[in-house]
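Notes for the one structure printed next.
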Amino acid sequence: MAERSTAAVDVADNSDESSLTAQADQSTADGVAKNRERDTDSDEVQESTRTDGAGTTSPPELHSGHKLARRYRLEECVTRLDGFSSWRAVDEKLRRAVGVHILPADHSRARSVLAAARSSALLGDPRFVQVLDAVEENDVVYVVHEWLPDATELTTLLASGPLEPYDAYQMVSQVSSAMAAAHREGLAHLRLNPNAVLRASTGQWRIRGLAVNAALRGVSSDTPQRTDTEAIGALLYAALTQRWPYESDAYGLSGLPKDIGLIAPDQVRAGVHRGLSELSMRALVNDGATASRHESPCTTPEELVKAIGEMPRIRPPEPAFTAPPEYQRTTYQQGTYGRQTPRPGATQPVPTPPPPLQSRTGKALKWAVSALLIAALGLGSWQLADALMDQGGKNEDPGQTQTNDGNDKSPKKPVNKPIAIKGAQDFDPLGNDGSENPDEINRLYDNAPGTYWETSFYTSADFGRLKSGVGVILDLGKVQDVGKVTISFKGETSVELRAASGAATQPQSLDGYTKVAQGSGTTVALKPNESLKSRYLLVWLTKLPLTEEGNYRGRVVDIKVTS
């Protein structure tokens, strides 16, 4: 099975079904047990599912330091429940932290866990915590997956209060889009809750436990798309109100008051964004019934993605401006540096400034400067008159054609005029949702060195082998002569310049653009080999740099186009 990037683990949620749970700390995204809060969701409260009987096989007797496949060294047991255990481990071959689920090969769910893990690994979508290995050996089945030390669970984020509207919008948008892609491949989550949704330090939202979490607990559903959609609605409801949209408390959140039913988030808490409130109610369909003021319910992640696309885009909040501290003069600036402190009550004489250049030396200096200025003006006038006379002599014969004999030591150079970029659009025709951070696209040409547009992150420089590249389309407003495109990156990046020559409308496929130049580096100047006339240019990234977070993503600081 293909190896993927470093790190996060889909850790089993605690359940009320076993007393062993009381001894296991609830795991967080960074692998450190921070609280002992138990997962209290149930089939009646959280989702409409069916659960098979728990396996009666005892979990394998493992301990810290034990190695699987002479490679994965177990470090810390995070959860032990229903015959399986979850561990934080180290991949000694690649020297990275990983997470491991382990259960006996004769466990009643071993076959389904293996199948779910292998199906999830084949999806290869970076929005999900990736399964790295799924193996059966020595009477043990184990599933290895990423461990993200820089990610934070939604449960932890909500402990300090509800999310801002922009953060909630990004969460539901990214989670819905990811689940729609998973369902198109026949994969469901069925255990989508605040413990399964993580936010990385980059702001990217990721989902852990796709298919695997449900298989570990034997959870199934007759309507998997609707189950996952309602779970997304519950996540959005909790993000907006810091309340769980059911009567029972769960995930550190208080449930709704009993006997009042499901009420809209904007009725639970003041100041909730109206559009997001209605979106959560459309996802929480309640057996197909919604409040009369709401539009039709969303019963699949695909319908939820469409509903989000029809909403007005929620923009990030403006950064708060902090006024600089009041300017304080120092004693040095006041001219008292090195002077003795005056006695209290003593009158200090005001120093008289010296007269400007009234001494003999000052007068001489003034005369010298005046003489130099007169000499400079005379020399400049003489050179100007000589140039005009020389030009007049050359133009005495109007019928004579001037020729360049090749001895001109200062030939005229062509002027490279800047071409204004009228608009830009992210371009990801090979991705699942066809977009790549469209909200940041205007940073490409805002002439601000501190801002940049960035791609999503990937597990390798070649986009995790998911696609050949991503890019941005530049609109020059009209067909123009393009001489050079200069691109500044954060980190060494490989890039191609492609053009839609003579196209009246913007091509929507990669085949509509022809490669005219390529290069790599942090500042790349792309010059077409032949003269180029085009309105639409495609800056196509083909190899990404490694970031400080340990993943790969392209970051474009600025793009300049000249004729």
Side-chain angles (χ1 to χ4, degrees), residues 10-18 21 39-57 59 79 81-86 101-123 125 128-129 131 134 136 141-143 145 175-176 178-197 207-235 245-246 248 250-251 283-288 297-304:
D10 165 30
V11 184
D13 298 332
N14 293 339
S15 172
D16 291 330
E17 297 175 0
S18 173
T21 312
D39 177 8
T40 57
D41 69 323
S42 64
D43 294 341
E44 295 79 18
V45 174
Q46 167 72 2
E47 52 202 342
S48 300
T49 56
R50 296 197 308 267
T51 310
D52 62 7
T56 57
T57 307
T79 302
L81 180 69
D82 283 354
F84 70 88
S85 57
S86 299
H101 290 317
I102 306 173
L103 66 165
D106 58 352
H107 194 285
S108 61
R109 302 171 193 157
R111 303 274 75 77
S112 60
V113 169
L114 272 178
R118 289 167 179 171
S119 298
S120 178
L122 291 175
L123 180 62
D125 192 321
F128 293 92
V129 173
V131 172
E136 178 183 358
V141 169
Y142 59 89
V143 177
H145 33 72
V175 171
S176 300
M179 289 309 305
H183 279 284
R184 284 195 294 269
E185 300 298 325
L187 292 173
H189 196 292
L190 305 184
R191 295 284 296 177
L192 200 56
N193 55 52
N195 292 336
V197 178
I207 303 171
R208 65 183 177 191
L210 178 66
V212 176
N213 244 12
L216 284 169
R217 290 164 181 77
V219 175
S220 62
S221 174
D222 294 330
T223 55
Q225 293 204 54
R226 182 166 159 185
T227 298
D228 283 342
T229 305
E230 185 171 348
I232 297 173
L235 293 174
Y246 305 98
S248 300
Y251 311 109
L284 289 166
V285 292
N286 287 335
D287 296 327
C298 299
T299 58
T300 67
E302 199 73 53
E303 292 178 358
L304 198 55

- Which atom names give the shortest non-hydrogen contact between V219 and L190, and what distance separates them? O-CD1, 3.8 Å

- Contact check, side chains of H183 and E302, non-hydrogen atoms, under 4.5 Å: no

- Task: Mind checking the CD1-OG spacing from I232 to S176? Nearest 0.5 Å is all I need.
- Result: 4.0 Å

- Message: Any carboxylate oxygen within less than 4.0 angstrom of a Lys/Arg side-chain nitrogen, looking at E136 and R111?
- Response: yes

- Keeping the roles fixed (side chain from H189, backbone from P224), state whether a donor-acceptor pair exists under 3.5 Å. no

- Taking the side chain as every heavy atom from C-beta outward, state whether V131 and V143 have any atom pair closer than 4.5 Å. yes

- Task: Look at the side chain of T227 and the backbone N and O of T223, then say whether any donor-acceptor pair between them is shorter than 3.5 Å.
- Result: yes

- Task: May I have the step-by-step check of side-chain contact (heavy atoms from CB on, under 4.5 Å) for V113 and H107, ending in yes or no?
- Result: CA-CA 10 Å; V113 169; H107 194 285; over 6 Å; no

- Item | For the student: nearest non-hydrogen atoms of S86 and H101, plus distance | OG-ND1, 2.6 Å

- Message: So, taking the atom named CG in D125 and the one named CG in L187, what distance separates them when rounded to the nearest 0.5 Å?
- Response: 10.5 Å

- Flag side-chain contact, heavy atom, 4.5 Å: Y246 against L284: yes

- Test item: L210 and M179 side chains (from C-beta on) under 4.5 Å apart, heavy atoms: yes

- For the pair L192 and I207, evaluate side-chain contact (heavy atoms from CB on, under 4.5 Å) and give the outcome as yes or no after the intermediate values. CA-CA 8 Å; L192 200 56; I207 303 171; 3.7 Å; yes

- So, for A117 and A134, which heavy atoms are closest and what is the spacing to 0.1 Å? CB-CB, 3.9 Å

- Is the backbone N or O of V212 less than 3.5 Å from a side-chain atom of R191, with the two atoms forming a donor-acceptor pair by type? no

- Item | Considering all heavy atoms, the nearest T229-Q225 contact | OG1-O, 2.7 Å

- Note on the structure: Taking every heavy atom of L123 against every heavy atom of A181, the minimum-distance pair comes out as CD1-O, 4.5 Å

- Query: Of the non-hydrogen atoms in A215 and S112, which two are nearest, and what is the gap between them?
  - Reply: CB-O, 3.8 Å

- Quick one: CZ on R109 to CG on L103, what's the gap to the nearest 0.5 Å? 9.0 Å

